Amino acid sequence: MKATMLKGNWNYPTAVKFGPGRIKELPDLCKAHGLTRPLLVTDPGLAKLAMIADAVAANEAAGIPTAVFSDVKPNPTGKNVADGVAVYRAGGHDGVIAFGGGSPLDAGKAIAFHAGQSRPLWDFEDIGDWWTRADAARIAPVIAIPTTAGTGSEVGRAGVITDEDAHVKRIIFHPKMMPVVVIADPELSIGLPPHVTAATGMDALAHCLEAFCAPGFHPMADGIALEGIRLIREWLPVAVRDGRNLEARSNMLVAASMGATAFQKGLGSIHSLAHPLGALYDAHHGLLNGVLMPYCMAHNRDAIEGRMERLGRYIDLSNPSFDTVLIWVLDLRREIGIPHTLKEIGIGDNRAEEIGRMAEADPSTGSNAKPVKADDLRAVFVDAVNGRL
């Protein structure tokens, strides 16, 4: 199917306007959802690009004054959110356009959420029913516009924000953090460099893989995860090799949203370890997921062998089994330039005990394919540092 035919309107789980060129619908969607004075949240790199200036100009031409906030780190922090909230309140804004990769999407959603609250941000961490502390009526609407195919944050009800004082990543959650509409325009990802395409693609794969392996009964999530993996197998190498291939960009954008939709079932030890490593070393989340993936798979082997055989059949591997899926993952990483060890990206094992404890406390640990404790996660981390499979 030609890329120009990859177009549709979905409600799964939120409204998605998918297809090349659909960024042109931003002014109409702002009007439809009551954003008369939005704050566009992005990152410093994107803020310099024409796509941001064009979006602001289109809104201005439609009578929708739009300010830009771009002080967002690659791993967004509590201070980034607080600074954004201050700009939001001072400008009298009534909604957020979260525009970019996972970082500005998460930060934008957190700003829209927290701008109307009176309690500290960390009081709304995804623990128990803490989300009920929020005044839901004061949560501002968000229009999400992803420019990378990785986190799938555009279809999520949470944001991952780094608490720099505690050196941990915290998940801020509320059902109303779900964007009211998504503009998924693959043309916006055309300029993404190969190494970022690779790292974000591995994030999408980690979401699909861990969701499929998470225990529990959720056939819908399993089906979405399987098809997401198939799309990634077919299209991620193409997108890395030829960043202007619109069909590859389209399919990867779909796969990223599918991963985030599927992981309502759960994640696992890949994310349990990636979160503390991202907080401690400020490393790219998708890159960490890509490096950690085979080591976590190997540790979970006895719990996921049957599922890996099913996955292997679905994605058309010869002699489908755990081993052939693992070989495919290793080959994929090699093909798209993902390092084999954490040591190659500057992470040693000198903090292994601390990282094991932090990983055990991460919310993703509870849905790992099998129960894991700090010692298990420490051992997986050390293996990933040193390349022991």
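Note that the structure is a prediction, hence the values are computed from the model and not measured.
Side-chain N or O atoms of Asn245 include none that pairs as donor or acceptor with a backbone N or O of Ala239 at under 3.5 Å. Looking only at distances, a side-chain donor or acceptor of Asp163 sits under 3.5 Å from a matching main-chain atom of Ala166. No donor-acceptor pair closer than 3.5 Å links the side chain of Asp383 to the backbone N or O of Leu389. The closest donor-acceptor contact from the side chain of Lys169 to the backbone of His275 lies at 3.5 Å or more, if one exists at all. Judged purely by atom type and a 3.5 angstrom limit, Thr66 has no side-chain atom pairing as donor or acceptor with the backbone of Val56. At distances below 3.5 Å, not a single donor-acceptor pair connects side-chain atoms of Lys73 with backbone N or O atoms of Asp282. Not one N or O on the side chain of Asp94 forms a donor-acceptor pair closer than 3.5 Å with the backbone of Ala140. Formation of a donor-acceptor pair under 3.5 Å by the Ser153 side chain with backbone atoms of Gly156 is not found in this model. Checking side-chain atoms of Lys17 against main-chain N and O of Val181 turns up no donor-acceptor pair under 3.5 Å. Not a single donor-acceptor pair under 3.5 Å links the side chain of Arg119 to the backbone N or O of Ala134.
For the pair Trp328 and Ile315, the minimum side-chain heavy-atom distance is below 4.5 Å. Side-chain contact check for Ser269 versus Asn300: some heavy-atom pair is nearer than 4.5 Å. Using a 4.5 Å cut-off on side-chain heavy atoms (C-beta onward), Glu187 and Leu246 make contact. In this structure the side chain of Asp83 never reaches within 4.5 angstrom of the side chain of Val87, judged on heavy atoms. Looking at Thr261 and Pro13, their side chains come closer than 4.5 Å, going by heavy atoms from C-beta outward. Looking at Leu311 and Leu209, their side chains come closer than 4.5 Å, going by heavy atoms from C-beta outward. In this structure, Ser257 and Val16 have side chains that are not in contact, with every pair of non-hydrogen atoms separated by 4.5 Å or more. Side-chain atoms of Asn251 and Glu247, non-hydrogen and from C-beta on, do get closer than 4.5 Å to each other.
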> Where do Phe99 and Val68 land on the side chain to side chain contact (heavy atoms under 4.5 Å, CB included) test, with the steps shown first?
Replying inline: CA-CA 10 Å; Phe99 198 133; Val68 176; over 6 Å; no
> What do the steps show when you test Leu236 against Leu205 for side chain to side chain contact (heavy atoms under 4.5 Å, CB included), and what is the final call?
Replying inline: CA-CA 10 Å; Leu236 178 56; Leu205 177 57; 5.9 Å; no
> What's the verdict on side chain to side chain contact (heavy atoms under 4.5 Å, CB included) for Phe113 and Val142, showing C-alpha distance, side-chain angles and the deciding distance?
Replying inline: CA-CA 9 Å; Phe113 166 76; Val142 174; over 6 Å; no
>> Set out, in order, the CA-CA distance, both residues' side-chain angles and the distance that settles side-chain hydrogen bond (donor to acceptor under 3.5 Å, both in side chains) for Thr200 and Asp203, then state yes or no.
In response: CA-CA 5 Å; Thr200 53; Asp203 191 20; over 6 Å; no
>> Set out, in order, the CA-CA distance, both residues' side-chain angles and the distance that settles side chain to side chain contact (heavy atoms under 4.5 Å, CB included) for Phe69 and Ile111, then state yes or no.
In response: CA-CA 11 Å; Phe69 174 77; Ile111 290 166; 4.1 Å; yes
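For the atom pair OG1 (Thr151) and CZ (Phe263), the distance works out to 8.0 Å, reported to the nearest 0.5 Å. For the atom pair CG (Leu326) and CG (Asp331), the distance works out to 9.5 Å, reported to the nearest 0.5 Å. Rounded to the nearest 0.5 angstrom, Leu46 CG and Ser103 OG are separated by 10.5 Å. Note that NZ of Lys343 is 7.0 Å distant from CG of Asp349, once rounded to the nearest 0.5 Å. Taking CD from Glu335 and CG from Leu330, the interatomic distance works out to 13.0 Å, rounded to the nearest 0.5 Å. From His174, atom NE2 reaches atom CZ of Arg133 across 12.5 Å, with rounding to the nearest 0.5 Å.
Dense packing is recorded around CZ of Arg388, with more than 12 heavy atoms of other residues, nucleotides or ligands lying under 6.0 Å away. By the 6.0 Å contact criterion, CZ on Arg157 is open, its count of non-hydrogen atoms from other residues, nucleotides or ligands being 12 or less. Heavy-atom contacts from other residues, nucleotides or ligands closer than 6.0 Å to NZ of Lys79 number 12 or fewer.
Aromatic ring centres of His340 and Tyr295: separated by under 6.0 Å.
There is no path of hydrophobic side-chain contacts, each under 4.5 Å, that joins Val196 to Val238. The same ILVMFWY cluster, assembled from side-chain heavy atoms under 4.5 Å apart, contains both Ile304 and Val325. In the hydrophobic cluster analysis, where Ile, Leu, Val, Met, Phe, Trp and Tyr join through side-chain heavy atoms closer than 4.5 angstrom, Met178 is grouped apart from Val182. Residues Phe322 and Leu332 fall within the same hydrophobic cluster, defined by Ile, Leu, Val, Met, Phe, Trp and Tyr side chains chained together at heavy-atom separations under 4.5 Å. Hydrophobic clustering, with ILVMFWY side chains joined whenever heavy atoms are under 4.5 angstrom apart, groups Met293 together with Ile347.
Salt-bridge formation is not detected for the pair Lys31/Asp28: no Lys NZ or Arg NE/NH1/NH2 atom is positioned less than 4.0 Å from an Asp or Glu carboxylate oxygen. No salt bridge links Arg357 with Glu360; every basic N to acidic carboxylate O contact stays at or beyond 4.0 Å. Residues Asp323 and Arg301 are paired through a salt bridge, judged by an N-O separation under 4.0 Å between the basic side chain and the carboxylate. A salt bridge links Asp222 with Arg307: the closest approach of a Lys/Arg side-chain nitrogen to an acidic carboxylate oxygen falls below 4.0 angstrom.
Here the closest non-hydrogen pair linking Val291 and Pro294 is O-CD, 3.5 Å. Among all heavy-atom pairs drawn from Asp106 and Ala158, the shortest one is OD1-O, 3.9 Å. Pro179 and Glu154 get closest at one heavy-atom pair: CG-O, 3.2 Å. Residue Ile232 comes nearest to Ala255 through the heavy atom pair CG1-CB, 3.7 Å, listed as atom of the first residue, atom of the second, then distance. Counting all heavy atoms, side chain and backbone alike, Arg378 lies closest to Ala352 at CG-O, 3.5 Å. In terms of heavy-atom proximity, Cys296 sits nearest to Leu273 at SG-CD1, 4.2 Å.
Note on ring orientation: taking the six-membered ring where Trp is involved, the planes of His93 and Tyr88 are tilted (angle from 30° to 60°). Ring orientation note: the planes of Trp131 and Phe173 are nearly perpendicular, at an angle over 60° on the 30°/60° scale.
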